[in-house]
2 protein chains.
Amino acid sequence: MLDERSRQVLRAVVQSYINKLEPVGSRFVTKEYALGCSPATIRNIMADLEDLGFLSQPHTSAGRVPTDKGYRFYVNFLGDAGEYGEQDAELKDCVCRFTRRLEGIGSDLNGMFVEVTNALSSMSNYIGVVMPPRPESTTFNRIDFIRYKADKVVAVLLTDEGVIKNKMLSVDAAFTQEDLNRIAAYLNSEYSGRTIDEIKSMLIKKMRQEKAAWDKLITRAIKIYEEATSFAEEDFFVSGLYDVMGLPDFSDMSRIREISRAIKDKHAILKLIEELSGVSGVQVVIGNENPVEELKGLSVVASTYKEGERPMGVIALIGPTRMDYSKAIYMVDAISKCISRTFEQRTEVV
Amino acid sequence: MLDERSRQVLRAVVQSYINKLEPVGSRFVTKEYALGCSPATIRNIMADLEDLGFLSQPHTSAGRVPTDKGYRFYVNFLGDAGEYGEQDAELKDCVCRFTRRLEGIGSDLNGMFVEVTNALSSMSNYIGVVMPPRPESTTFNRIDFIRYKADKVVAVLLTDEGVIKNKMLSVDAAFTQEDLNRIAAYLNSEYSGRTIDEIKSMLIKKMRQEKAAWDKLITRAIKIYEEATSFAEEDFFVSGLYDVMGLPDFSDMSRIREISRAIKDKHAILKLIEELSGVSGVQVVIGNENPVEELKGLSVVASTYKEGERPMGVIALIGPTRMDYSKAIYMVDAISKCISRTFEQRTEVV
DNA sequence: ATTAGCACTCTCATGTCGAGAGTGCTAATC
DNA sequence: GATTAGCACTCTCGACATGAGAGTGCTAAT
């Protein structure tokens, strides 16, 4: 597709633009990257690359800047993410230390996710995102109900993966703690090991089938379970907005505000990440490839973590189009694999 | 201290600076506020106010801008926060609607706090902060332990006020659910109604006193309780960082980044709010009065909410020095009172 | 095919200038 | 004696010009 030297030039431009954030000129390329030819030659090649849509010029006489297509080519064919760790020993070290720590955290998934987002963002200076396991892939472990004051019940939901969720429910006052225990016992004995969503549909089906002839307790159980598992909003973990503000890419406020808004209503990110979930390997979405309006102009590097073969959730880095893809890919890959590993360990032990 | 007309001028300057964010000149004052005298007179008065330290000039020939001292005088003597609601019917309406909604939320304190921060920030465009009740003033209602996998236990802590906290504990594998139930039953029967901190010190004392001759169960109970109530970090609720970025005061990035950082490590805010807590009525800290380095240049309007006479926590608005104090004071006052009211209702019902 | 040379273009920092806004001071006025 | 009108003065800000610097495209030579 591109001859060797053109590739080298493209790589040079992408890499030095990522580092310096300044349009890169032909002279600079010859100086920093020993390609064995003069600026003029580079200029010709660059002109070709521009015609092909890989590079562009901010104005007539500035250096070149990669286009989305340029980044895409770089990521697909020129990146060396696999060996990134070899070059940046410090980062590799960080990641290693972190993965070891993660393995020590054990079953407190919420805690783990917080750690992961923080690690992602602080090591990369981009925005770290972690999507916890989706309800259709979380396995119900047990639910408990605690009576609290006259008409309130606290539901505590545990999953095999370790996510704890709790919710305060308003119930009609007729429930005693005894009732609640029976409901919980019923749900636990009957449904432990299935996914949250499975259970939901099973319960609904059951209710339809045997409608009238149904134990009062069970109808109650269904109702209360439904209320307990309807968690307001699919939540995810974010961190690093503040670090990202330090990047020179976002020196103007308006961009930042956009991003903040996008993250605040979560909708856009959720949508994007959902599209990326399930596919294995690291996914990269660059700039305007982004299907979601609010995130155009940002790049996303994401990877799905799994329990065995079952995809659970997604971790991602969101940064400027000019992000250090090699680094990001390396990190996301390493950490998602690490998360998967902790899941395996867990299931082994139990 | 200041004759009537000087006060009027000071008020005029503060108010129009708050609205316009532009240095206000003598001509403008005579036009907008009918004080019955000419620009020249105003100039003289302004010069006096400047000598007294209430106003300052950004440069020789710009209008005047209030100093911290100026704002302070305004807040103390010129504000009309009490009747603020009369002027801004829309806001009053908002606050009313919101308080009514709050009363409907009931016992889900966490949910309530989220609502409150959101309301604070969205109605004011400043940063809303809510400090939940401190451990020394939260009343233990009950604790439950749920056995989860081999060596993990989930502790669920409920307080009278409705705060739910849960934590996954690693315990030695010897515990059966029976054991856990007995421990919980012991703690619940013995200590329900006391504050979290009281209980902690009581337990420690007990353990010391009767050291050797102590039921194995109880020593375990103590250990497990301690672990369960040691919550990593005193947390509080924040919202509105993104809105505040829209304010012209923060058009330069660096300020925003500072603030973000301050909020991120929470330490500074915690420290400040703690200093303000317990005092009744609305507290105002203006700009450099702020004892905490990171927050200098910002103003804080805070108020303590109570259960009966016992102070529970603090709500606050953080904004630029040039914030609309009357409005902020009105809001913080109204909402903190409303929170207190919901506490009363709750205790009545139970 | 590559390269040296050169004219050309565009940005950016700097400097100058005039308009506009607001002040301080002085002298006149009520 | 307080207030006001008038005026010179100061400072900011945008518009405009200028020149240095960086980088290009093209052409002719290698």
Side-chain angles (χ1 to χ4, degrees), chain A residues 2-10 12-17 19-67 70 248-249 251-252 322, chain B residues 2-10 12-17 19-67 70 248-249 251-252 322:
Chain A
L2 243 49
D3 66 40
E4 184 51 28
R5 203 171 50 187
S6 303
R7 287 161 168 255
Q8 284 182 346
V9 172
L10 181 53
V13 173
V14 171
Q15 285 181 354
S16 70
Y17 185 68
N19 290 331
K20 296 264 210 296
L21 193 51
E22 270 166 17
V24 10
S26 54
R27 219 179 96 88
F28 182 83
V29 172
T30 57
K31 277 213 164 175
E32 298 293 308
Y33 301 77
L35 299 185
C37 53
S38 78
T41 313
I42 300 293
R43 277 204 285 281
N44 287 326
I45 298 173
M46 278 174 152
D48 294 346
L49 287 172
E50 185 167 0
D51 290 341
L52 290 168
F54 291 119
L55 298 179
S56 74
Q57 286 179 291
H59 51 265
T60 323
S61 168
R64 254 61 170 221
V65 162
T67 60
D249 310 61
S251 48
D252 66 339
R322 170 215 71 106
Chain B
L2 243 50
D3 67 38
E4 185 50 27
R5 204 172 48 188
S6 304
R7 286 160 169 256
Q8 284 181 346
V9 172
L10 181 54
V13 172
V14 171
Q15 284 181 354
S16 68
Y17 186 68
N19 290 331
K20 296 263 212 294
L21 192 52
E22 270 165 18
V24 13
S26 53
R27 218 179 96 88
F28 183 85
V29 173
T30 56
K31 278 213 163 174
E32 298 292 308
Y33 301 77
L35 301 184
C37 55
S38 78
T41 313
I42 300 293
R43 278 205 285 279
N44 287 327
I45 298 173
M46 279 174 153
D48 293 346
L49 287 172
E50 186 168 358
D51 291 341
L52 290 169
F54 292 117
L55 298 179
S56 73
Q57 288 179 289
H59 52 264
T60 323
S61 167
R64 257 52 173 226
V65 161
T67 60
D249 310 59
S251 49
D252 67 340
R322 170 216 72 108

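Computed from a predicted structure; not experimentally measured. Each chain gets a letter, A, B and so on, in the order its sequence line appears, and its residues count up from 1.
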> My understanding is that only one of B/Thr41, B/Val9, B/Thr30 makes a side-chain contact (heavy atoms from CB on, under 4.5 Å) with B/Leu35; could you say which?
B/Val9
> Given C/dT11, D/dT24, C/dG24, which nucleotide is nearest the side-chain atoms of A/His59?
C/dT11
> Side-chain N or O of B/Ser26 less than 4.0 angstrom from OP1 or OP2 on C/dT23?
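Looking at the OP1 and OP2 atoms of C/dT23, one of them is under 4.0 Å from a side-chain N or O of B/Ser26.
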> Can you identify which nucleotide, out of C/dC10, C/dG22, C/dA4, has its nearest atom closest to the A/Ser38 side chain?
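Closest nucleotide to the A/Ser38 side chain: C/dA4.
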> Just how far is it from atom CD1 of A/Ile45 to atom CG of A/Leu55, taken to the nearest 0.5 Å?
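Going from CD1 on A/Ile45 over to CG on A/Leu55, the span is 11.0 Å.
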> Would you say C/dG24 has OP1 or OP2 under 4.0 Å from some side-chain N or O of B/Arg64?
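Yes, B/Arg64 has a side-chain N/O under 4.0 Å of OP1/OP2 on C/dG24.
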> So how far is it from A/Gln15 CD to A/Lys20 NZ, rounded to the nearest 0.5 Å?
11.5 Å
> If you compare every side-chain N and O of A/Arg43 against the phosphate oxygens of D/dC26 (OP1, OP2), does one of them come in below 4.0 Å?
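No, no such contact exists.
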> Atom CG of B/Leu49 to atom P of C/dT23: distance rounded to whole Å?
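For the pair B/Leu49 CG and C/dT23 P, the rounded distance is 12 Å.
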> Using side-chain heavy atoms (C-beta onward) and a distance below 4.5 Å, is A/Tyr33 in contact with A/Ser16?
yes
> Picking from C/dT23, C/dC10, D/dG25, which would you name as closest to the side chain of A/Gln57?
D/dG25
> Looking only at the side chain of B/Thr41 (C-beta and beyond, no hydrogens), which of the listed nucleotides C/dG22, C/dG24, D/dT4 gets closest?
D/dT4
> Which nucleotide sits closest to the side chain of B/Cys37: D/dC26, D/dT4, C/dG24?
D/dT4
> Toward the 5' end of DNA chain D, which comes first, B/Thr60 or B/Ala40, by nearest nucleotide?
B/Ala40
> Just the rounded figure in Å: distance from P of C/dC25 to CG of B/Asp48.
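For the pair B/Asp48 CG and C/dC25 P, the rounded distance is 12 Å.
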> Rounded to whole Å, how long is the line connecting atom CD1 of B/Ile45 with atom C1' of C/dG22?
16 Å
> Once pairs are restricted to Watson-Crick or G-U wobble with both distances under 3.5 Å, how does DNA chain D read as a dot-bracket string, [ ] for crossings and | for other-strand pairs?
||||||||||||||||||||||||||||||
> May I ask you to verify whether the side chain of A/Arg27 and the base of D/dG23 hold a donor-acceptor pair under 3.5 Å?
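In this structure, the two groups form no donor-acceptor pair.
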> Using atom CD1 of B/Ile42 as one end and atom P of D/dT4 as the other, report the distance to the nearest whole Å.
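After rounding, the reported distance stands at 9 Å.
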> Measuring only between side-chain heavy atoms, which start at C-beta, is B/Glu22 closer than 4.5 Å to B/Phe28?
no
> Over how many whole Å does the gap from B/Tyr17 atom OH to C/dG22 atom C1' extend?
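In whole Å, C/dG22 C1' lies 16 Å from B/Tyr17 OH.
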> Please give, in whole Å, the distance from D/dG23 P to A/Glu32 CD?
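After rounding, the gap between these two atoms is 12 Å.
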> How many Å lie between CE on B/Met46 and P on C/dG22, as a whole number?
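Distance check: B/Met46 CE to C/dG22 P gives 10 Å.
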> Could you state the interatomic distance from CG (B/Asp48) to CG (B/Leu10), rounded to the nearest 0.5 Å?
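The CG atom of B/Asp48 sits 12.0 Å away from the CG atom of B/Leu10.
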> Is the closest side-chain heavy-atom distance between A/Leu49 and A/Arg64 below 4.5 Å?
no
> Can you tell me the distance, in whole Å, between the CG atom of A/Asn44 and the P atom of D/dT24?
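About 11 Å, once rounded to whole Å.
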> Under a 4.5 Å cut-off applied to non-hydrogen side-chain atoms, are B/Val13 and B/Met46 in contact?
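They are in side-chain contact.
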